[in-house]
Amino acid sequence: MNNISEIQTILDQIKTEALSSFDLAPEVIENITFAPSPDLKLGDLGFPCFSLAKSMRKAPAMIAKDIAAAINADDHDIIAEVLPVGPYVNFKYARGVVSEKVVAAALDSSDYGKGVYEKPEKWMVEFSAPNTNKPQHLGHVRNDLLGASVSSILKFAGHDVVRVNLINDRGIHICKSMLAYQRFGEGKTPESESIKGDHFVGDYYVMFDKIFTEEYESWLESDVAEAKFQEWQKGRKEKEREADKTPKKSFQKSYKDTFFNTESEIGGAAKDMLIKWEEGDTEVRGLWNLMNTWVFKGFDETYESLGVVFEHVYRESETYLLGKDIVNKGVERGVFKTIEGGAIACDLETVGLKGEKILQRSNGTSVYMTQDLGTALARFEEYEMDHMVYVVGDEQDYHFKVLFAILEALDPKLANRMKHLSYGMVLLPEGKMKSREGKVVDADDLIEQMHVLAHESVEERYPDLDEVEKRKRSVAIGNAALKFYILDFNPKTTVTFDPKKSIAFEGRTGPYCLYSYARIQSIGRKVGGWPELSEEEREAALSALGTDVEMQLVNELTDWPRMVQLSARLMDPSKITEQLYKLCKAFSTMYNDNDHRIKDIEGPRRDGLLLLTEAVAKTLKTGLDVIGIEALNEM
RNA sequence: GCACUCAUAGCUCAGUUGGAUAGAGCAACGGCCUUCUAAGCCGUGGGUCGCAGGUUCGAAUCCUGCUGAGUGUACCA
């Protein structure tokens, strides 16, 4: 099916063969898995026998002995020795043979670890999904990088992948920045102010919020507000009221939306603008188009510097009406129902959840969920993909649970084909990021800052380089640092980002991987190119490998295809970063070891070490490419 | 109130889905550049895996309760 490394396939066969002579259920055999041994002295890897104790009615240590005895190491060229170690059956590799197979596999394939399926599955991955009222921040960067790398990992694992973006370009929040610009823009443009388009528009969004907040705060001083407050207090449950030590503050918070929708002048103006937008008012649409052009240009720059690409970009202004007829048909089919007041809802009890979800308001307009339903069904029809992945933050876990349940109710064939790749928020040491209050790590600023820091680093280490080369390296190093940092977290982890110390260039980082790669390239140059050998010579060279240090590196190479598959299955890029780091670490250990200095070694072993080194470089480059990091030949 | 998620070294995080002695990086301390790039390597110290029970031959991992943090729970998007 796919090329999980040859070694693992052979080992699995040996295990299955050995165990099949003991009259065990297939799933019992399946459940026994190899793990690297904690100490190379005990063997290179092994499997535990605890779970066999019940069905075989014997102590695990006895079982391990019996199984070990049942395997004849001489029958398998990759195995030198099989030995029971307590309750474990441990295997010692015929190191030369294993090295030969693994390194040859890594060298001969242009993309070692790539999965190959006879019939690849088709996946659609939706990610990024920005709003057009403000520039992207670090949270979006996490989304962008996760979406892009998971897409790329799925592709590398052997699937067909379509990357899509859904830009949120309509709604009241969009009108806020439009209104502020209309009133205070004075005809300025991003060009006239020399500001990136999305930042330009974002500034008006912040301005709107500032004006609205001022309006609200001055209203709160009024007698009307006091009366509203008293009324609100009376309406509360007694317990709540007594427990609340700062009722004014609570009122201020809870009434803000109501104020926006009723009393607020600027709020009302924004709402009027939204109505005009929906009516297709020429002036409003014109302004909307103009500001969109600015924002999209800004977004494109950000995507380009992150290396993010989409096959298809959807806009909510084009999709927001989708789903309306699905809702109506759903009522006819009895999947949805009309409730009191005329709204349409889905009874979530019928899909295994609680409560009900409104899909159409009593005034006939649709809600967010409705367009998600419509968009999903339209996409399945258009692309006929096997799987749909939504890369969206974990605060929307419930939304997607409901969405998937309703979609399944509408079309049972969609069951288990939709996945929410839910990832944790990025917090600052002082808490959540807030665009409206300017408490954000801006994406463009961050990227720029990485380049500046990388440049300082290059300047310090290699002051004699010409400026063009310094720039080139700074960009590559800065991007590598940022991407590796973000992707090295498990997606579901809530990240605390400290601007002052989070992203480093040393230790387990992107630059460390680039550095390892550059070092290897330097070796290649020093020896006048990698050895080009005949079949026999190569086999002899690779078979000469076998020290612990060399095997550690060979083992990491062996693991690479497995980790790729694991990363794809879990949709977790951190499995890739982890394995790349391990590869670099094992290489660096060898590089610094006195007994493994290639320049001091002669004969086939020298060639063997060179080929192993070359294989590491090839795998590294492939792996870095999968997560969108550009390797450097010199650093 | 209810639902979901999380709690592991001073800090930031892993822990391959229940297996061998819980691991990295940073920070601290000690070594290694006339020898293939020191963005590196080697070593030392640092843990009651939030607390209390339970299941299991075996639990950081599964179950229950408690404590603490986050998120969600709209005819918002």
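For the numbers below, each heavy atom of this structure counts, side chains included, while hydrogens, waters and symmetry mates do not. Chain A is the first sequence line, chain B the second, and so forth, proteins listed ahead of strands; every chain is numbered from 1.
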ask   = In chain order, what residues pass the salt bridge (Lys or Arg N to Asp or Glu O under 4.0 Å) check against A/D548, with sequence neighbours excluded?
value = A/R95
note = Residues passing the ring pair (Phe, Tyr, Trp, His ring centres under 6.0 Å) test with A/Y255, sequence neighbours excluded, are A/W219, A/F251
message = Under 4.0 Å, heavy atoms only, any strand: does A/A343 hit a base, just the sugar-phosphate, or nothing?
response = base
query = Listed by chain and number, what are the salt bridge (Lys or Arg N to Asp or Glu O under 4.0 Å) partners of A/R170, not counting sequence neighbours?
reply = A/E278
ask   = Which part of the nucleic acid, if any, lies within contact of A/I477, taking any heavy atom under 4.0 Å across all strands shown: a base, the sugar-phosphate backbone alone, or nothing?
value = base
key: Carboxylate-amine/guanidinium proximity below 4.0 Å for A/D559 and A/K582   = no
request  = Can you tell me which stems involve RNA chain B, if a stem is defined as three or more consecutive Watson-Crick or G-U wobble pairs, both distances under 3.5 Å?
outcome  = B:1-7 with B:67-73, B:10-13 with B:23-26, B:28-32 with B:40-44, B:50-54 with B:62-66
ask   = Does the ring centre of A/Y512 sit less than 6.0 Å away from the ring centre of A/F484?
value = no
key: Atom C1', compared across B/rC29 and B/rC36: separation rounded to whole Å   = 30 Å
query = Is there a donor and acceptor pair closer than 3.5 Å between the side chain of A/S362 and the base of B/rC75?
reply = yes
message = Rounded at 0.5 Å granularity, tell me how far OG in A/S422 sits from CZ in A/F400.
response = 9.5 Å
query = So does A/E430 have more than 12 non-hydrogen atoms from other groups sitting under 6.0 Å from CD?
reply = yes
Anything under 3.5 Å between a protein N or O and an N or O of nucleotides 12-14 of chain B, put it in a table, one pair a line.
residue: B/rC13; atom: OP1; partner: A/T494; partner atom: O; Å: 3.3
residue: B/rC13; atom: OP1; partner: A/T496; partner atom: N; Å: 2.7
residue: B/rA14; atom: OP1; partner: A/N490; partner atom: N; Å: 3.2
residue: B/rA14; atom: OP1; partner: A/T493; partner atom: OG1; Å: 2.0

message = When the C1' atoms of B/rC51 and B/rC41 are compared, how many Å lie between them, rounded to an integer?
response = 42 Å
query = Among the nucleotides B/rA39, B/rA77, B/rC41, which one has an atom lying closest to any side-chain atom of A/F505?
reply = B/rA39
ask   = Taking the side chain of A/D257 as heavy atoms from C-beta outward, which of B/rA77, B/rC42, B/rA74 is closest to it?
value = B/rA74
ask   = For A/H451, what residues pass the ring pair (Phe, Tyr, Trp, His ring centres under 6.0 Å) criterion, not counting sequence neighbours?
value = none
Distance, C1' atom - from B/rC26 to B/rA9, rounded to whole angstrom = 12 Å
message = Using the C1' atom as the point on both nucleotides, what is the distance between B/rU16 and B/rA77, in whole Å?
response = 38 Å
query = To the side chain of A/I358, which of B/rC41, B/rC75, B/rA77 is closest?
reply = B/rC75
Under 3.5 Å, which protein N or O atoms sit close to an N or O of nucleotides 1-3 of chain B? Give each pair with its distance.
none

Distance, P atom - from B/rC57 to B/rC2, rounded to whole angstrom = 35 Å
ask   = What salt bridge (Lys or Arg N to Asp or Glu O under 4.0 Å) pairs are there with at least one residue in residues 505-526 of chain A, not counting sequence neighbours?
value = A/R461-A/E506, A/D488-A/R508
task = Using a heavy-atom cut-off of under 4.0 Å over every strand shown, decide if A/N133 touches base, sugar-phosphate, or nothing.
result = nothing
request  = Take atom P in B/rU71 and the same atom in B/rC76, then report the distance between them in whole Å.
outcome  = 22 Å
ask   = Looking for any heavy atom pair under 4.0 Å, which part of the strands does A/V549 touch: base, sugar-phosphate only, or nothing?
value = nothing
task = Compute the centroid of each ring, for A/F212 and then for A/F259, and state whether the two points are separated by less than 6.0 Å.
result = yes
ask   = Taking OP1 and OP2 of B/rC11, is either one under 4.0 Å from a side-chain nitrogen or oxygen of A/K500?
value = no
Side-chain donor-acceptor pairs under 3.5 Å in residues 351-361 of chain A, sequence neighbours left out?
residue: A/R361; atom: NH1; partner: A/T365; partner atom: OG1; Å: 2.7
residue: A/R361; atom: NH1; partner: A/S366; partner atom: O; Å: 3.3

inquiry  = With a 6.0 Å cut-off (strictly less than), is the heavy-atom count around CD of A/E340, excluding the residue itself, greater than 12?
reply    = no
query = Whole-Å distance between B/rU73 P and A/L353 CG?
reply = 14 Å
query = Which part of the nucleic acid, if any, lies within contact of A/L570, taking any heavy atom under 4.0 Å across all strands shown: a base, the sugar-phosphate backbone alone, or nothing?
reply = base
message = Quick one: does any side-chain atom of A/T577 pair with a main-chain N or O of A/S574 as donor and acceptor, under 3.5 Å?
response = yes
request  = For atom NZ of A/K419, decide whether the heavy atoms of other residues, nucleotides or ligands shown that lie under 6.0 angstrom number more than 12.
outcome  = yes
task = Look at the side-chain N and O atoms of A/Y512 and state whether any lies under 4.0 Å from the OP1 or OP2 oxygen of B/rC41.
result = yes
request  = Would you kindly compare A/C584 and A/Q396 by the position of their nearest RNA chain B nucleotide and give the one closer to the 5′ end?
outcome  = A/C584
request  = Identify whether any heavy atom of A/E340 sits under 4.0 Å from a base atom; if not, whether one sits that close to sugar-phosphate; answer base, sugar-phosphate or nothing.
outcome  = base
ask   = When you look at CZ of A/R606, are more than 12 heavy atoms from neighbouring residues, nucleotides or ligands closer to it than 6.0 Å?
value = yes
Side-chain ion pair, A/E550 and A/R605, N-O less than 4.0 Å = yes
Pairs under 3.5 Å (N/O, protein and nucleotides 56-62 of chain B):
none

query = Expressed in angstrom and rounded to an integer, what is the separation of A/D394 atom CG from B/rU5 atom C1'?
reply = 7 Å
query = Say you pick atom C1' in B/rG45 and the same atom in B/rA27; how far apart are they, in whole Å?
reply = 13 Å
message = Nearest heavy atom decides the nucleotide; on that basis, is A/D572 or A/E506 closer to the 5' end of RNA chain B?
response = A/D572
task = Look up atom CG in A/N133 and atom CG in A/N292, then write down how far apart they are to the nearest 0.5 Å.
result = 10.5 Å
Please tabulate the protein-to-nucleotide N/O contacts below 3.5 Å involving nucleotides 28-38 of chain B, giving atom names and distances.
residue: B/rU35; atom: O2'; partner: A/K599; partner atom: NZ; Å: 2.3
residue: B/rC36; atom: O3'; partner: A/K526; partner atom: NZ; Å: 3.0
residue: B/rC36; atom: N4; partner: A/Y591; partner atom: O; Å: 2.5
residue: B/rU37; atom: OP1; partner: A/S522; partner atom: OG; Å: 2.6
residue: B/rU37; atom: OP2; partner: A/S522; partner atom: OG; Å: 3.2
residue: B/rU37; atom: OP2; partner: A/K526; partner atom: NZ; Å: 2.6
residue: B/rU37; atom: O5'; partner: A/Y591; partner atom: OH; Å: 3.4
residue: B/rU37; atom: O2'; partner: A/Y515; partner atom: OH; Å: 2.2
residue: B/rU37; atom: O2'; partner: A/R519; partner atom: NE; Å: 3.0
residue: B/rU37; atom: O2; partner: A/Y462; partner atom: OH; Å: 3.2
residue: B/rU37; atom: O2; partner: A/M635; partner atom: O; Å: 3.4
residue: B/rU37; atom: N3; partner: A/M635; partner atom: O; Å: 2.7
residue: B/rU37; atom: O4; partner: A/M635; partner atom: N; Å: 3.0
residue: B/rA38; atom: OP2; partner: A/R519; partner atom: NH2; Å: 2.7

inquiry  = Need the glycosidic conformation of B/rC36: syn if within 90° of 0, anti if not. Which one?
reply    = anti
remark   = Residue pairs meeting side-chain hydrogen bond (donor to acceptor under 3.5 Å, both in side chains), one or both in residues 492-502 of chain A, sequence neighbours left out, come to A/Y485-A/S502
Nearest-angstrom distance, C1' atom, B/rG40 to B/rC33 = 10 Å
request  = For A/S37 and A/Y88, run side chain to side chain donor-acceptor pair (under 3.5 Å): C-alpha distance rounded to whole Å, both residues' side-chain angles, the deciding distance at 0.1 Å, then the answer.
outcome  = CA-CA 10 Å; A/S37 125; A/Y88 287 82; over 6 Å; no
Syn-anti status, with the boundary at 90° from 0, for the nucleotide B/rU21 = anti
